[in-house]
Amino acid sequence: MRGFENMIFIRKVSTVLGAVALLAGGAAHAQSVTPVGGATPHAPSLTPEQVVTMQHDMDTALHYKLAPDVLPRLSATLRAIQAAKIQPPGHAGMSLDQQIALVGQVPGLEAILKAHGLDARSFVMS
């Protein structure tokens, strides 16, 4: 069981790091500057709202409990999504809540998720 616990921890860390990268990437995209005269651009700072959202998303991801059988169900879900030729929406720069809402709006995706015991939230969080 120790290996499974390690896998869950790694997945949570990956989710948190992904959230951080997405928010930072969104801020970088929104505030990107072309270097002039060989100058090195400074890393963009996050707005106070983005920091709060990032902290909330990190806390949510760290405390999210993955189901013990999530990996086989998620794998089967992803195969079914691919077979249905459904492209889950991109999520660069989005909060977890925005990602979950967007996944919930994809035609045909809800039925596939439900067939595998998932909903938009558990799909995004897994």
Side-chain angles (χ1 to χ4, degrees):
M1 193 64 168
R2 184 74 176 148
F4 181 71
E5 291 169 357
N6 287 339
M7 198 173 351
I8 289 174
F9 176 76
I10 290 169
R11 178 66 182 134
K12 285 184 177 187
V13 169
S14 172
T15 300
V16 169
L17 292 176
V20 170
L22 290 174
L23 285 172
H29 179 63
Q31 301 176 14
S32 62
V33 176
T34 304
V36 177
T40 304
H42 293 90
S45 28
L46 298 174
T47 66
E49 182 180 274
Q50 288 172 318
V51 170
V52 169
T53 299
M54 182 176 60
Q55 289 171 337
H56 173 265
D57 288 353
M58 287 173 35
D59 186 57
T60 300
L62 284 172
H63 292 96
Y64 186 77
K65 302 286 186 218
L66 291 171
D69 65 341
V70 72
L71 292 178
R73 288 189 299 125
L74 186 58
S75 179
T77 302
L78 292 172
R79 285 192 303 271
I81 291 169
Q82 186 177 29
K85 297 188 185 328
I86 295 174
Q87 180 64 41
H91 52 271
M94 292 183 167
S95 70
L96 287 175
D97 291 338
Q98 290 170 325
Q99 292 175 46
I100 291 164
L102 195 57
V103 165
Q105 296 173 4
V106 175
L109 188 55
E110 183 179 359
I112 292 173
L113 296 178
K114 189 174 183 178
H116 292 91
L118 300 169
D119 57 17
R121 180 176 177 74
S122 59
F123 179 70
V124 169
M125 295 301 294
S126 296

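The shown structure was predicted, so the numbers you read here are calculated from the model rather than taken from an experiment. If you read the sequence from its start, that first residue is 1, and numbering goes on from there.
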Using atom types as modelled, flag every donor-acceptor pair under 3.5 Å from a side chain in residues 79-90 to any protein atom, sequence neighbours excluded.
| from | atom 1 | to | atom 2 | distance (Å) |
| --- | --- | --- | --- | --- |
| Arg79 | NH1 | Ser75 | OG | 2.7 |

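- Considering every non-hydrogen atom in both Gln99 and Met94, the closest pair reads NE2-O, 3.2 Å.
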Indicate every side-chain donor-acceptor pair of residues 101-118 with a distance under 3.5 Å to a residue at least two apart or in another chain.
| from | atom 1 | to | atom 2 | distance (Å) |
| --- | --- | --- | --- | --- |
| His116 | ND1 | Ile112 | O | 2.8 |

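- Contact annotation: the side chain of Val51 approaches that of Gln55 to within less than 4.5 Å [non-hydrogen atoms, C-beta and beyond].
- In this structure, the separation between CE on Met125 and NE2 on His63 is 11.0 Å, given to the nearest 0.5 Å.
- In the hydrophobic clustering of this structure, Leu62 does not group with Val52; members are Ile, Leu, Val, Met, Phe, Trp, Tyr whose side-chain heavy atoms approach within less than 4.5 Å, directly or through other members.
- Asp57 and Thr60 form no side-chain donor-acceptor contact under 3.5 Å, judged by distance and modelled atom types alone.
- Under the side chain to side chain contact (heavy atoms under 4.5 Å, CB included) test applied with Met54, the options Gln50, Met58, His56 reduce to a single match, Met58.
- Interatomic distance, Asp119 CG to Arg121 CZ, rounded to the nearest 0.5 Å: 8.5 Å.
- Separating the CD1 atom in Ile100 from the CZ atom in Phe123 is a distance of 11.5 Å, to the nearest 0.5 Å.
- Ser126 and Ser122 make their closest contact through OG-O, 2.7 Å (heavy atoms, listed as atom of the first residue, atom of the second, distance).
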